[in-house]
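None of the values given here were measured: they were computed from a predicted structure. These values consider heavy atoms only, across backbone and side chains, with no hydrogens, waters or symmetry-generated copies. Note that ligands are numbered from 1 as they come in the structure, with each ligand's atoms numbered from 1 the same way.
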Amino acid sequence: MNNFKRSIIVTGGAGFIGSHVVRHLIKHHPDYLIINVDKLTYAGNLENLKDIENEPGYLFRRIDICDHQAIMRLMTDYNVTGIIHLAAESHVDRSIEDPFTFARTNVLGTLSLLQSARNVWEQSPEGYDGKLFYHISTDEVYGALDFDGSLFTESTPYAPHSPYSASKASSDHFVRAFHDTYGMPCIITNCSNNYGPYQFPEKLIPLFINNICHNRSLPVYGEGLNVRDWLYVEDHAAAIDLIFHKGTVGETYNIGGFNEKKNIDLVHALIKVTDRLLGRPEGASIPLITYVSDRKGHDLRYAIDASKLQRELGWTPSLQFEEGLERTVRWYLDNREWMERVTTGEYEDYYKNMYADR
Ligand code: NAD
Ligand code: DAU
């Protein structure tokens, strides 16, 4: 037992979105114990949480979500009543090279976590009362849209194309199956592309900011005409907090930025802000744009209808894209040492040695 009002596990809390979720929860719920469960893969970096690591309501445990016994022990020791599940392999290009790792973590890892929660919660005196398994998923499970103005809604049939989205779709189905079969209280959200501080620089925005700084080429896949819907990561974290507390069990909610951008337009916007903040003449980095072979199976367009979340829980993104982009570029320029450590892998040795025996 502990003195906190509630103990919650956030899986994948050392990653990009997870670190924002942990920080947001620590700030807004000082009476909660937030347990960050993360395996620390290449994408997990505890430096992302340096500013809150000494807060009394924060605890880190280096655990693989597939480790059924360790998760059950942790849940029992701290009387965990909520799980916000973000841990995953998240990069589409890596999934094309190595689909098995994605199936292991995203499918089997989620199943193992569900089973751990089921075992512990079913045997607790109140059963599932006051418990919640909240699964964070992606808009990519819905497949791809045409340039016809259509949007993904919560009832759009699943049609994943990449190994990444197939693994996330599968994990969503397992979460629903645990709700429908065992009565486990679950919620799923499907969100669009996030951007902001602490994103691993394999993803478009941080990769391109870093490349602009180093005068390296900017590899635009295909003709750069694919469309993504962009949401500032702190708005996603706020939505997760709201849904965790006010969402209806058994429901799915789409989360999106109402902010579609063609990749090439986004790249030009990024160049404009980055050049300005670096003190370079306008357009100086445009020649760095290099059109390269398209991603295999590259989904043409994603666009989210987040009106259910707006209507039912009153959520709306707080930040305009221009402001979010400026904030993001500034953060990466002000934190070039973070970028350096992440791209050289230096942080991996440091933290992995520190937590080697956990
Ligand atoms: P990320 O790759 O930055 O972080 C993933 C984290 O999970 C890392 O800290 C990693 O160490 C950890 N992890 C991986 N395998 C693990 C395992 N077996 N056990 C424990 N921890 C493990 O990912 P992200 O971009 O922050 O995405 C987080 C979640 O949000 C994912 O589930 C992703 O599918 C979903 N999502 C992401 C986006 C986006 O734009 N990034 C959009 C919608 C949904
Ligand atoms: O839609 C939500 C998804 O957004 C999340 O579920 C994923 O975890 C997250 O990685 C992201 O997937 P994308 O594939 O859309 O993100 P990425 O940043 O890899 O690519 C964005 C777009 O830019 C996409 O159309 C591919 C393109 N791209 C990407 C890279 C890395 C390029 O043109 N060049 C690049 O070098």
For this session: Say whether E202, considering both its backbone and side-chain N or O atoms, lies within less than 3.5 Å of an N or O atom on ligand 2.
Result: no
Problem set entry | CD on Q115 to SG on C66, rounded to 0.5 Å | 13.0 Å
For this session: Enumerate the atoms of ligand 1 whose separation from the nearest heavy atom of L40 is less than 4.0 angstrom.
Result: 11 (O)
Exercise. Counting from 1, what ligand 1 atoms have a heavy atom of I63 closer than 4.0 Å?
Worked result: 19 (N), 20 (C)
Seminar exercise, completed: ligand 1 to N193, heavy atom cutoff 4.0 Å, flagged ligand atoms 40 (O)
For this session: Please round to the nearest 0.5 Å and tell me the distance separating atom CE of M339 and atom CG of L333.
Result: 8.5 Å
For this session: Look at ligand 2 and say whether K168 reaches it with a heavy atom at a distance under 4.0 Å.
Result: no
Exercise. Checking ring-ring contact (aromatic ring centres under 6.0 Å, His included) for the pair W331/Y198: CA distance, chi angles, key distance, verdict?
Worked result: CA-CA 9 Å; W331 187 88; Y198 300 112; 4.6 Å; yes
Exercise. How close does the nearest protein non-hydrogen atom get to atom 18 (N) of ligand 1, and which residue and atom is it?
Worked result: D64 OD1, 3.0 Å
Exercise. Taking only heavy atoms of T105, which atoms of ligand 1 are found under 4.0 Å from at least one of them?
Worked result: 15 (N), 16 (C), 18 (N)
Exercise. Does any non-hydrogen side-chain atom of I271 lie less than 4.5 Å from one of L218?
Worked result: yes
Problem set entry | Short N or O distance, N194 and ligand 1, threshold 3.5 Å exclusive | yes
Seminar exercise, completed: In this structure, atom 43 (C) of ligand 1 is nearest to the protein heavy atom C191 O, 3.3 Å
For this session: Answer side chain, backbone, both or neither: which part of L204 comes under 4.0 Å from ligand 2, heavy atoms only.
Result: both
Seminar exercise, completed: The closest protein heavy-atom partner of atom 34 (O) of ligand 1 is Y164 OH, 2.6 Å
Problem set entry | Nearest protein heavy atom with distance in Å, relative to atom 7 (C) of ligand 2 | S90 O, 3.5 Å
Seminar exercise, completed: Nearest non-hydrogen protein atom to atom 11 (C) of ligand 2, with distance, is N193 ND2, 3.4 Å
Exercise. How far is atom 24 (C) of ligand 2 from its nearest protein heavy atom, and which residue and atom is that?
Worked result: H298 NE2, 3.5 Å
Problem set entry | Within-cut-off N or O pair, K168 and ligand 1, under 3.5 Å | yes
Problem set entry | Any N or O of L86 closer than 3.5 Å to N or O of ligand 1 | yes
Exercise. What protein heavy atom sits nearest atom 44 (C) of ligand 1, and how far off is it?
Worked result: S137 O, 3.2 Å
For this session: Would you sort out whether F16 and F200 count as a ring-ring contact (aromatic ring centres under 6.0 Å, His included), showing the intermediate values?
Result: CA-CA 7 Å; F16 166 48; F200 195 83; over 10 Å; no
Seminar exercise, completed: min-distance protein heavy atom vs atom 12 (O) of ligand 2 -> E140 OE2, 2.9 Å
For this session: Check H135, R176, E154 against T252 for a side-chain hydrogen bond (donor to acceptor under 3.5 Å, both in side chains) and give me the one that passes.
Result: R176
Seminar exercise, completed: Per-atom filter on ligand 1: closer than 4.0 angstrom to a heavy atom of K39 are 16 (C), 17 (C), 18 (N), 19 (N), 20 (C), 21 (N), 22 (C)
Problem set entry | Under 4.0 Å to a heavy atom of I136 - the qualifying atoms of ligand 1, by number | 30 (O), 32 (O)
For this session: Show which atoms of ligand 1 fall inside a sub-4.0 Å distance from at least one heavy-atom site of G44.
Result: 8 (C), 9 (O), 11 (O)
Exercise. What is the nearest protein non-hydrogen atom to atom 14 (O) of ligand 2, stated with its residue, atom name and distance?
Worked result: R295 NH1, 2.6 Å
Exercise. Which heavy atom of the protein is the closest neighbour of atom 9 (O) of ligand 1, given with residue, atom name and distance?
Worked result: D38 OD2, 2.6 Å
For this session: Take H24 and H28, measure what ring-ring contact (aromatic ring centres under 6.0 Å, His included) needs, and give me the verdict at the end.
Result: CA-CA 6 Å; H24 181 99; H28 291 87; 4.0 Å; yes
Exercise. What residue and atom, counting heavy atoms only, is the protein's closest point to atom 10 (C) of ligand 1, and at what distance?
Worked result: T41 OG1, 3.3 Å
Problem set entry | Nearest-neighbour protein heavy atom for atom 37 (C) of ligand 1, which is reported as residue plus atom name and distance | I17 CD1, 3.4 Å
Exercise. If you measure every N/O of V37 against every N/O of ligand 1, is any gap under 3.5 Å?
Worked result: no
Problem set entry | Shortest protein contact, atom 23 (O) of ligand 2 (heavy atom only) | N263 ND2, 3.4 Å
Exercise. For ligand 2, does D229 get within less than 4.0 Å through its side chain, its backbone, both, or neither, judged by non-hydrogen atoms?
Worked result: neither
For this session: Please write down residue, atom name and distance for the protein heavy atom closest to atom 23 (O) of ligand 1.
Result: S90 OG, 3.3 Å
